[in-house]
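Within every chain, numbering begins at 1; the chains are lettered A, B, ... in the order of the sequence lines, protein sequences first and strands thereafter.
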There are 2 protein chains.
Amino acid sequence: MALEHAILVSLLEKPGSGYELARRFERSIGYFWTATHQQIYRVLKRMESDGWVDVRDVPQQGRPDKKEYSVADLGRAALSSWLHDPIEPESVRHDLAVKIRGAAFDDPTALIREVERHRLAHRDRLAHYLAGETRDFTGPAVSTAGAKAPLDAERELQHVVLRGGIAYERMMIEWLDDVLATLARFGPGR
Amino acid sequence: MALEHAILVSLLEKPGSGYELARRFERSIGYFWTATHQQIYRVLKRMESDGWVDVRDVPQQGRPDKKEYSVADLGRAALSSWLHDPIEPESVRHDLAVKIRGAAFDDPTALIREVERHRLAHRDRLAHYLAGETRDFTGPAVSTAGAKAPLDAERELQHVVLRGGIAYERMMIEWLDDVLATLARFGPGR
DNA sequence: TCCTTATATGCAACTCGTTGCATAGCAAGC
DNA sequence: GCTTGCTATGCAACGAGTTGCATATAAGGA
């Protein structure tokens with residue numbers, strides 16, 4: 001399990017509340033690890049009682065107060081230990097692939113609309129990634145302190161992960177085109 | 001949840017026992033949906049009591065008897081209904097991507113060995129897929145009955161799913177090379 | 001004033017998935 | 001005779017993830 005670790009990484013990149021984390025899990029880090037707010041609050045509680053994170057009450061005006069979490073030494077150590085622990089290449093869950101194989105026993109052409117929907121979703125996500133890349137990773141590297149940083153690890157590594165997302169979406173779009181061409185070879189009905 | 005559906009597809013492709021299904025989930029369908037034997041036996045029980053599958057005791061010689069499952073009408077209907085139900089594009093879980101972003105707060109170069117391990121695993125899987133493609137999808141299309149089938153849906157759809165696996169592995173290998181090049185730009189330690 | 005929306009946090013129940021363990025038949029080798 | 005290994009099925013406990021619901025502050029519009 002690695003939700004704790006995804007949260008640690010996100011909090012190291014920038015401290016924040018459970019609510020803010022939940023929003024980040026809808027974009028950014030969420031492209032590579034999903035979580036709902038309920039899960040995040042529950043895990044944050046556990047991380048707090050384990051001493052992995054520190055909490056600070058932050059009064060706000062115009063909106064409810066929040067609890068801002070930041071990574072404690074124990075959390076940093078836990079992340080480091082996880083990083084040094086080998087993990088197995090991910091176990092996959094591709095509903096769509098199962099559906100495509102299953103379509104052989106139903107009407108294959110009925111899947112076309114579904115595959116097109118997925119293709120659109122991937123096209124949108126690709127556009128979103130590319131926009132983010134242009135926004136955040138073009139122009140000179142500037143560290144958060146404003147000083148020139150020739151090798152800003154945080155930025156470089158975020159960028160390579162984003163490039164992975166871009167490559168994945170491009171691959172998916174090409175493959176879904178292949179799937180559509182294959183499905184189109186079958187006549188309607190069976 | 002779709003383990004039921006993955007099992008239905010696999011049983012439609014060929015009836016078999018829980019044990020045999022578990023082995024298929026280590027290859028073939030398992031490349032796109034993972035499951036352990038405990039999970040499979042539990043779900044098969046439920047599917048049986050729901051009338052989705054039929055069971056037949058098959059005595060064997062030289063080994064324990066087995067229960068052979070095959071898809072019942074209710075199961076076929078359930079699969080069909082699932083196929084017509086739109087699903088959301090998958091939620092992703094990429095430990096490695098989280099690790100790479102986390103490495104910015106530790107020693108980035110310490111991840112190199114781990115990334116190389118993953119690269120090897122993907123290279124092996126690619127080789128495995130390519131061998132399977134050569135074995136099963138070259139030469140003339142021949143249906144199970146031995147007759148020429150100009151449009152064998154089952155075979156065509158299995159092939160396009162396999163091509164997806166191949167494209168995925170190729171993309172991953174290229175990306176991991178990119179990751180390795182990025183990590184190499186950081187000196188040892190920090 | 002009421003309704004909606006956004007911020008912000010949380011509980012409870014349930015399902016799904018993983019891990020560890022248990023059992024049993026039979027073959028092959030030491 | 002004993003151990004190892006493969007086939008074959010299963011239980012129990014736990015941990016992770018999902019779904020539905022609940023609560024509270026406050027801004028903005030109908």
For this session: Write down the distance between CD (B/Gln61) and P (D/dA8), rounded to a whole number of angstrom.
Result: 13 Å
Exercise. Quick one: does B/Arg42 reach the base of C/dT18 with a side-chain donor-acceptor pair under 3.5 Å?
Worked result: yes
Problem set entry | Phosphate-side-chain proximity, A/Gln39 and D/dG17, N/O vs OP1/OP2 below 4.0 Å | yes
Problem set entry | Between CZ on residue B/Phe137 and CZ on residue B/Arg155, distance to nearest 0.5 Å | 6.5 Å
Exercise. Once you round it to whole Å, what is the distance between P of D/dA24 and CD of A/Gln60?
Worked result: 19 Å
For this session: Round to a whole Å and report the spacing from CG of B/Asp57 to P of D/dT9.
Result: 9 Å
For this session: Verify the contact: side-chain N or O of B/Tyr19 to OP1 or OP2 of D/dT7, cut-off strictly under 4.0 Å; return yes or no.
Result: yes
For this session: Assign each of A/Arg93 and B/His37 to its nearest nucleotide of DNA chain C by heavy atoms, then name whichever residue's nucleotide is nearer the 5' end.
Result: A/Arg93
Problem set entry | Carboxylate-amine/guanidinium proximity below 4.0 Å for A/Glu13 and A/Arg24 | no
Exercise. Can B/Glu20 and B/Lys66 be counted as an ion pair, charged N to O under 4.0 angstrom?
Worked result: yes
Problem set entry | Between P of C/dA8 and OH of A/Tyr41, the distance in whole Å | 8 Å
Seminar exercise, completed: The residue, B/Arg63 or A/Arg63, whose nearest nucleotide of DNA chain D is more 5′ is B/Arg63
Problem set entry | A/Arg23 CZ - C/dA8 P separation (whole Å) | 9 Å
Problem set entry | Whole-Å gap separating P (D/dG17) and NZ (A/Lys45) | 19 Å
Seminar exercise, completed: To the nearest angstrom, the NE2-P distance between A/His5 and D/dA16 comes to 11 Å
Exercise. According to a strict under-4.0 Å criterion, is B/Lys67 in side-chain N/O contact with OP1 or OP2 of D/dG10?
Worked result: yes
For this session: Would you mind classifying the nucleic acid contact of B/Ser17 as base, sugar-phosphate or nothing, using non-hydrogen atoms under 4.0 angstrom?
Result: sugar-phosphate
For this session: Compute the bend angle of the helix from C/dT1-D/dA30 to C/dC30-D/dG1 from the end axes (five pairs per end), rounded to 10°.
Result: 10°
Problem set entry | Distance, nearest 0.5 Å, that separates CG of B/Leu111 from CZ of B/Phe186 | 11.0 Å
For this session: Rounded to the nearest 0.5 Å, what's the gap from CD on B/Glu169 to CE on A/Met171? Could you check?
Result: 9.0 Å
For this session: Side-chain contact test, heavy atoms from C-beta onward, threshold under 4.5 Å: evaluate it for B/His5 versus A/Asp95 and give yes or no.
Result: no
Exercise. CZ of B/Arg46 versus C1' of D/dT9: gap in Å, rounded?
Worked result: 18 Å
Exercise. Counting any heavy atom closer than 4.0 Å, what does A/Gln38 reach on the DNA or RNA strands: base, sugar-phosphate only, or nothing?
Worked result: base
For this session: Please determine if B/Glu114 and B/Arg117 form a salt bridge, counting it only when a charged side-chain N lies under 4.0 Å from a carboxylate O.
Result: yes
